[in-house]
Enquirer: 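Got a structure here, written out as C-alpha cells. Questions coming.
Proteins get letters first, then strands, A, B, ... in listed order; numbering begins at 1 in each. Since we're looking at a predicted model, the values are computed, not measured. We use all heavy atoms of the structure for the numbers below, so side chains are in, but hydrogens, waters and symmetry mates are not.
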Amino acid sequence: MPEKTLINSHSRKTSVFLTALMAFLLAFLILGGNRDNPRMMAAGAVYLVFLTVITYLIFRTGMVGKYRSIFFATYAVGFSLSFIPMLIETRGSMFLSGEEILSLSAPLCHLTLPMIAIPAVVYGFLIFPTKLFSEMGFFPMLYLWLGATLFLGRGWCSWGCFYGGVDEFFSKLLPKKIVSSKNFNYTLRFFPYAFLLVIVLWAFIALEPVYCTWFCPFKAITEFIKPTNWLMWVQTGIFVSIFLGLVVVLPLLMKRRTQCGLFCPFGAFQAVIGQVNPYRVKIDGEKCTKCNTCVQQCPTFSLTEEAVSKGKSCISCTRCGKCMDVCPRGAIQYSLIGVPLRNSEKGGGFFGEVFRPDTLFIFGALLFGGVLSSGMVSTSLLRITNLAVNGSFLLK
Amino acid sequence: MADIKGIFRRLGVKFMYLLALTLVFLVPVFYMMFKSGIIETIGKKIPIKEGTFVEADGEIKIKRPESR
C-alpha cells in the first residue's frame, strides 16, 4: 500500500499567508457590517476565529473534505438555531399563516428559484408569496444565486447551501456506516433531474410552488403552513417523512448525503447551470489504481467506476473534497478547464502554491461560504449565550 | 503548426488562471455590492411583479393571470 499523499496540502509559509489574507478579508466583510451592533460584532469575531482556524487546517493539511465538513455542519446548525427562534420571536411559532401569505411575508429560499422562473418570465409575476426586495425576497436571493453559480457552480451545495450541512451533519455522526452502499443502484442519482423537470412543469401549470407545498424536507426546520385539513396533513406527512428518511436516517446509516445526492431538484438545477463555473474535479489516470475508494465514499454519489475510468467526476459533483481526502495515491484534484493536471504534490514554491487551481477554488469558496454563514452563525452564538445566561433562545 | 497550437494552449491556460483569480477578487466585491442598492436599481428594471394572493374557499391561492 503506497503512502497516502494529500494533494491539496500547502507549505507552512503559504498556509500562513493564505490564512492571514482570508482573516483580513473576513474581518473586513463580517465585522465591517456589524459596526453599530457590538454584540453581533463580538459574536462575529468568535466566528471569524473559527473560520481562520478552519482555513489554516484546510490549506496546511490538505484535508479539504474533513475541515470543510466541520465548517459546513456548523453553518447548518447555526442556521437552524438562528432561523427557528427568529420565527418564534416574530410570529410566535414556525407556522406560516394565511395573513403572512396575503402580505407576502414568506422568506424565499434558493430551492424555489427553478419553479418560479418560468411563470415569472411568462406571466411577469411571482408565484411565491414573497416581496421583491425584502431581505429574503426574490431579487436578493436571485443575486445570491447568480454569485453562487459564478463562484462555486455546484460547489454551492458543499460550501454555501444552508440546508446541505444538515444531512452532512447527520452523515458524520456515526463512526462507521451501518448500511453498505456496495450494491447501490447508481441509476438513482438521475432521479433529481427527472424530479426537477416534473416540479418545474407542475409549478408552471398549477401556478403554485409545488416543491415547497408538497416535498421540501427543510420545512421541518424552517416554516410550514399549519395543517387544518386532510390534504394539508398529507403534505405535512410527506415532507416530514422525506426529512426523517433522507436528511436524518439514511445519512446516519450510509454516511452519505442522500438528500443532496438523490433527491434535491435544486442540486440538479445547479449541476446543470453551474457548468459555467470553470472548476472541475479530475482524476489523474496515471496515478489512479482504480481501487474505487472514492466511489465508495463520495457523499453525493458523484463518482462511479465509469466516471473514474473517464478521469472526471459526474456533473453532480459538489466539489466537497472528500474524494481527495480518501484517495491513497493523491490522484484526484481540483482543476481548471483547459489546464493540465498537476504532476507533483509540491506546487513549486510559494507562488506556485498560491496560484494552484485548488488554492484558488478553496479560497474563493471558503470566503463566499464564510461571509454568507456569518450572520446566521453569529446570531446562533448570541442565542446560545442568551440560553446560558437568561435561560432562553429568544433574544426579544 | 505545433508551435501555434502550443502558444494558444499556453494562452488558454493563462486566461483560465486569470479568470480564476478574478473570481476570487470578485467575492468581496459581490458582498460589498449587496448592500449598495444595486439589487434594487437593476431589479426595478426587470418587469417582474409580486404575486397577488387571495382567499378562496378557505384556501389561499394566487390570483391567476388573465393575459400579460
Side-chain angles (χ1 to χ4, degrees), chain A residues 25 28-30 32-33 98 101-104 116 119-133 137-140 142-144 146-148 150-152 206-209 225 228-229 231-232 277-279 335-340 355 357 359-361 363-365 367-368 371-372, chain B:
Chain A
L25 289 170
F28 175 69
L29 292 164
I30 296 175
I101 294 174
L102 289 171
S103 63
L104 310 178
I116 62 177
V121 171
V122 174
Y123 297 117
F125 68 79
L126 300 179
I127 59 168
F128 190 88
T130 194
K131 291 194 171 74
L132 288 177
F133 297 105
F138 175 70
F139 280 114
L142 188 68
Y143 181 79
L144 181 69
L146 285 171
L150 190 64
F151 302 130
L152 306 172
L207 290 184
E208 185 188 337
I225 297 173
T228 51
N229 58 39
L231 187 66
M232 285 170 144
N277 179 267
Y279 292 101
S335 75
L336 281 161
I337 299 169
V339 175
F355 294 103
T359 313
L360 295 169
F361 174 74
F363 194 90
L367 183 60
F368 187 91
V371 179
L372 184 64
Chain B
M1 192 64 188
D3 280 355
I4 294 170
K5 269 188 180 174
I7 290 167
F8 276 112
R9 197 171 56 241
R10 280 197 294 277
L11 275 175
V13 168
K14 281 196 169 61
F15 172 77
M16 290 312 290
Y17 274 107
L18 197 65
L19 178 69
L21 204 59
T22 310
L23 286 180
V24 173
F25 282 117
L26 278 178
V27 175
V29 176
F30 171 81
Y31 280 112
M32 284 190 279
M33 283 169 73
F34 196 83
K35 287 183 179 173
S36 69
I38 193 168
I39 299 175
E40 284 208 16
T41 311
I42 297 174
K44 279 176 183 165
K45 291 179 181 164
I46 299 172
I48 293 176
K49 292 177 190 165
E50 288 157 354
T52 309
F53 290 79
V54 289
E55 258 187 299
D57 308 326
E59 271 191 69
I60 294 162
K61 295 271 182 193
I62 193 154
K63 197 175 167 189
R64 297 181 80 89
E66 284 163 22
S67 65
R68 194 176 178 187

Enquirer: Could you check if a side-chain atom of A:Pro340 sits within less than 4.5 angstrom of a side-chain atom of B:Val13, using non-hydrogen atoms only?
Expert: yes
Enquirer: Is it the case that atom CG in B:Leu11 sees more than 12 heavy atoms from other parts of the structure closer than 6.0 Å?
Expert: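 Atom CG in B:Leu11 is packed in, count exceeds 12.
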Enquirer: What's the shortest heavy-atom distance between B:Gly51 and A:Leu104, and which atoms?
Expert: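 B:Gly51 and A:Leu104 have their closest heavy atoms at O-CD2, 3.5 Å.
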Enquirer: With rounding to the nearest 0.5 angstrom, report the CG to CG distance, B:Leu18 to A:Leu336.
Expert: 11.5 Å
Enquirer: Could you tell me the separation between the CD1 atom of B:Ile62 and the OH atom of A:Tyr123, rounded to the nearest 0.5 Å?
Expert: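 Rounded to the nearest 0.5 Å, the CD1-OH separation comes to 11.0 Å.
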Enquirer: Measure the spacing between CG of B:Leu19 and CG of A:Asn277 and express it to the nearest 0.5 Å.
Expert: 8.5 Å
Enquirer: At a heavy-atom separation under 4.5 Å, does B:Ile39 approach chain A through its side chain, its backbone, both, or neither?
Expert: both
Enquirer: How far does CG of A:Leu102 sit from CD of B:Glu55, to the nearest 0.5 angstrom?
Expert: 5.5 Å
Enquirer: For chain A, which of B:Lys49, B:Met33, B:Lys61 has the most heavy-atom pairs under 4.5 Å?
Expert: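 Sorted descending by pairs with chain A, the first entry is B:Lys49.
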Enquirer: With chain A, which of B:Ile42, B:Val27, B:Val24 has the greatest number of heavy-atom pairs at distances under 4.5 Å?
Expert: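 Between B:Ile42, B:Val27, B:Val24, the count favours B:Val27.
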Enquirer: For the pair B:Glu50 (side chain) and A:Lys131 (backbone), establish whether a donor and an acceptor sit closer than 3.5 Å, ignoring hydrogens and angles.
Expert: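 Between the backbone of A:Lys131 and the side chain of B:Glu50 there is no qualifying donor-acceptor contact (under 3.5 Å).
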Enquirer: Quick one: which of A:Phe363, A:Phe361, A:Phe151 has the most heavy-atom pairs under 4.5 Å with chain B, could you say?
Expert: A:Phe151
Enquirer: I'd like to check A:Phe139 versus B:Ile46 (side-chain heavy atoms, cut-off strictly below 4.5 Å). Are they in contact?
Expert: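 Answer yes - side chains close enough.
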Enquirer: Quick one, B:Tyr31 and A:Leu367 - any side-chain contact, counting heavy atoms below 4.5 Å?
Expert: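 Side chain of B:Tyr31 against side chain of A:Leu367, heavy atoms only: no contact under 4.5 Å found.
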Enquirer: With only heavy atoms counted, which part of A:Thr130 is less than 4.5 Å from chain B, the side chain, the backbone, both or neither?
Expert: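 The answer is the backbone of A:Thr130.
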Enquirer: Check whether any side-chain heavy atom of B:Lys44 lies under 4.5 Å from a side-chain heavy atom of A:Phe133, and answer yes or no.
Expert: yes
Enquirer: Let me know if A:Pro357 has heavy atoms under 4.5 Å from chain B in its side chain, its backbone, both or neither.
Expert: both
Enquirer: For A:Ala206 and B:Arg64, work out which heavy atoms get closest and say how close.
Expert: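 Between these two residues, the closest heavy atoms are O-NH1, 3.5 Å.
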Enquirer: May I ask you to name which of A:Leu146, A:Ile225, A:Ile337, A:Asn229 has the most heavy-atom pairs under 4.5 Å with chain B?
Expert: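 Top count of heavy-atom pairs under 4.5 Å with chain B: A:Ile337.
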Enquirer: Looking at A:Leu25, A:Leu29, A:Leu132, which makes the most heavy-atom pairs under 4.5 Å with chain B?
Expert: A:Leu132
Enquirer: Measure distances from A:Phe28 to the heavy atoms of chain B and classify the residue's part below 4.5 Å as side chain, backbone, both or neither.
Expert: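 The side chain, not the backbone.
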Enquirer: Tell me, side chain or backbone of A:Leu372 under 4.5 Å from chain B's heavy atoms, or both, or neither?
Expert: both
Enquirer: With only heavy atoms counted, which part of B:Leu26 is less than 4.5 Å from chain A, the side chain, the backbone, both or neither?
Expert: both
Enquirer: How close do B:Ile48 and A:Ala120 get, heavy atom to heavy atom, and via which atoms?
Expert: CD1-CB, 3.9 Å
Enquirer: Given the side-chain rings of B:Phe34 and A:Tyr143, with only the six-membered ring counted for Trp, is the space between their centroids under 6.0 Å?
Expert: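 When the ring centroids of B:Phe34 and A:Tyr143 are compared, they turn out to be within the sub-6.0 Å range.
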Enquirer: Between A:Tyr279 and B:Ala20, which heavy-atom pair has the shortest distance, and what is it?
Expert: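 Looks like OH-CB, 3.1 Å.
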Enquirer: First locate atom CG of A:Leu360, then atom CZ of B:Phe25, and finally report the distance between them rounded to the nearest 0.5 Å.
Expert: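 So the gap between those two atoms works out to 9.5 Å.
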